[in-house]
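Both counts, for ligands and for their atoms, begin at 1 and track the order of listing.
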Amino acid sequence: MIFRETALKGAYVIEPERKEDDRGFFARTWCRDEFASHGLSTTLVQCNISYNHKRGTLRGMHFQKAPHAEIKLVRCTAGAIFDVIVDLRPSSSTYTKYVSVVLSSVNRHMLYIPEGMAHGFQTLEDSTEVFYQMSHRYEGLSAGGVRWNDPQFGIAWPPDTRIIAERDQQYPDFMPEKELS
Ligand SMILES: Cc1cn([C@H]2C[C@H](O)[C@@H](COP(=O)(O)OP(=O)(O)O[C@H]3O[C@H](C)C(=O)[C@H](O)[C@H]3O)O2)c(=O)[nH]c1=O
């Protein structure tokens, strides 16, 4: 796998290395030793699927509050997503900055998301499916979120007619520091 750190420290775009032959190709999408050698978590507690009927479906921006903060490895196994992470680590030099990347069933790129980041995506195609590996179990009572269109972050989402859950529309404006309490 090829690991490229993003502008947000600790977040990586990971590209599977294809072993091609005339049948097609084989590639690893996760390897404990390779992840450990890059200083990335090898803790796997839960795997999730997110299936989305329509292009323009926007889920996020979500995180779990401490002590249930989670590391995520996200990839798109059908269709394509505009994937976004926001740095919510007050001590980080990129606090409140975001990074976006297109993950698709064609490029097979993955996004490794460390603790302290909000994550969300907008689907770019109908029938888009996302696969997650999580370092921590789901703790609904620790679920936190910031709003996808919060001016504090200024995320440049692809223009589209969006499908967004009521909860995701209603997060209050981000208040630095207070949000992470
Ligand atoms: C995340 C999660 C949810 N659920 C249940 C809770 C609800 O009954 C149902 C849908 O949950 P929710 O509406 O929070 O799903 P999303 O809006 O897709 O949330 C996800 O969207 C953004 C993009 C993320 O990065 C997280 O994976 C996650 O927060 O699944 C579970 O049972 N286990 C889980 O790990």
Side-chain angles (χ1 to χ4, degrees), residues 6 8-14 29-30 35 40-41 43-89 92 94 96-105 107-150 152-158 160-172 174 179-181:
T6 71
L8 305 185
K9 189 164 176 45
Y12 288 77
V13 175
I14 302 171
T29 60
W30 189 80
F35 272 60
L40 304 188
S41 169
T43 303
L44 175 60
V45 171
Q46 184 176 306
C47 292
N48 302 327
I49 291 173
S50 171
Y51 178 75
N52 303 269
H53 293 300
K54 288 289 178 203
R55 193 190 83 182
T57 303
L58 191 152
R59 296 176 186 247
M61 308 295 292
H62 301 158
F63 57 89
Q64 283 193 167
K65 297 171 186 170
H68 304 294
E70 57 202 345
I71 296 165
K72 299 173 186 169
L73 181 65
V74 180
R75 64 189 174 95
C76 184
T77 50
I81 59 172
F82 180 82
D83 210 29
V84 179
I85 50 178
V86 177
D87 191 347
L88 297 180
R89 303 169 298 189
S92 167
T94 52
T96 76
K97 302 295 182 226
Y98 80 93
V99 151
S100 63
V101 58
V102 174
L103 305 179
S104 76
S105 60
N107 68 26
R108 297 183 174 90
H109 290 181
M110 302 179 280
L111 186 60
Y112 176 93
I113 308 166
E115 295 177 4
M117 302 225 174
H119 173 244
F121 62 79
Q122 180 177 316
T123 61
L124 301 173
E125 295 177 19
D126 291 348
S127 307
T128 284
E129 185 161 311
V130 180
F131 178 78
Y132 299 75
Q133 294 176 211
M134 317 290 284
S135 69
H136 197 93
R137 66 185 181 282
Y138 175 63
E139 287 285 351
L141 296 178
S142 300
V146 291
R147 206 172 59 252
W148 67 281
N149 60 353
D150 192 307
Q152 179 82 44
F153 313 122
I155 301 169
W157 297 95
D160 206 336
T161 304
R162 296 186 184 94
I163 301 164
I164 307 176
E166 203 60 36
R167 172 203 57 183
D168 289 349
Q169 287 282 24
Q170 292 173 352
Y171 291 118
F174 180 69
E179 188 69 20
L180 296 178
S181 58

What residue and heavy atom of the protein are closest to atom 23 (C) of ligand 1, and at what distance?
Y132 OH, 3.3 Å
What's the shortest distance from atom 25 (O) of ligand 1 to any protein heavy atom, and which residue and atom give it?
H119 ND1, 2.7 Å
Check whether Y171 reaches the backbone of H62 with its side chain - one donor and one acceptor, N or O, closer than 3.5 Å.
no
Atom 35 (O) of ligand 1 - nearest protein heavy atom and its distance
Q46 NE2, 2.8 Å
Can you name the residues that form a side-chain contact (heavy atoms from CB on, under 4.5 Å) with H68, not counting sequence neighbours?
Q64, H136, R137, E139, S142
Taking the six-membered ring for Trp, are F174 and F153 parallel (under 30°), tilted (30 to 60°) or perpendicular (over 60°)?
tilted
Backbone, side chain, both or neither: what part of V74 comes under 4.0 angstrom of ligand 1, heavy atoms only?
neither
Nitrogen or oxygen of D168 less than 3.5 angstrom from that of ligand 1
no
Determine whether any heavy atom of R167 lies closer than 4.0 Å to an atom of ligand 1.
yes
Point-to-point distance, once rounded to the nearest 0.5 Å, from CG of L58 to CZ of F121:
8.5 Å
Quick test: of every protein heavy atom, which one is nearest to atom 26 (C) of ligand 1, and how far off is it to 0.1 Å?
K72 NZ, 3.7 Å
Holding to salt bridge (Lys or Arg N to Asp or Glu O under 4.0 Å), I want the full list of residues that pass it with R59, two or more places apart in sequence or in another chain.
none
Is atom 11 (O) of ligand 1 less than 4.0 angstrom from some protein heavy atom?
no
Report the distance from atom CD1 of I113 to atom CD of E115, rounding to the nearest 0.5 Å.
12.5 Å
Heteroatom proximity flag, R59 to ligand 1, N/O under 3.5 Å
yes
Between S50 and N48, does any side-chain donor sit less than 3.5 Å from a side-chain acceptor?
no
What is the closest protein heavy atom to atom 7 (C) of ligand 1, and at what distance does it sit?
Y138 OH, 4.6 Å
Flag the pair R162 and D160 as a salt bridge only when some basic side-chain nitrogen lies within less than 4.0 angstrom of an acidic carboxylate oxygen.
no
So is H62 polar-close to ligand 1, meaning N/O to N/O under 3.5 Å?
yes
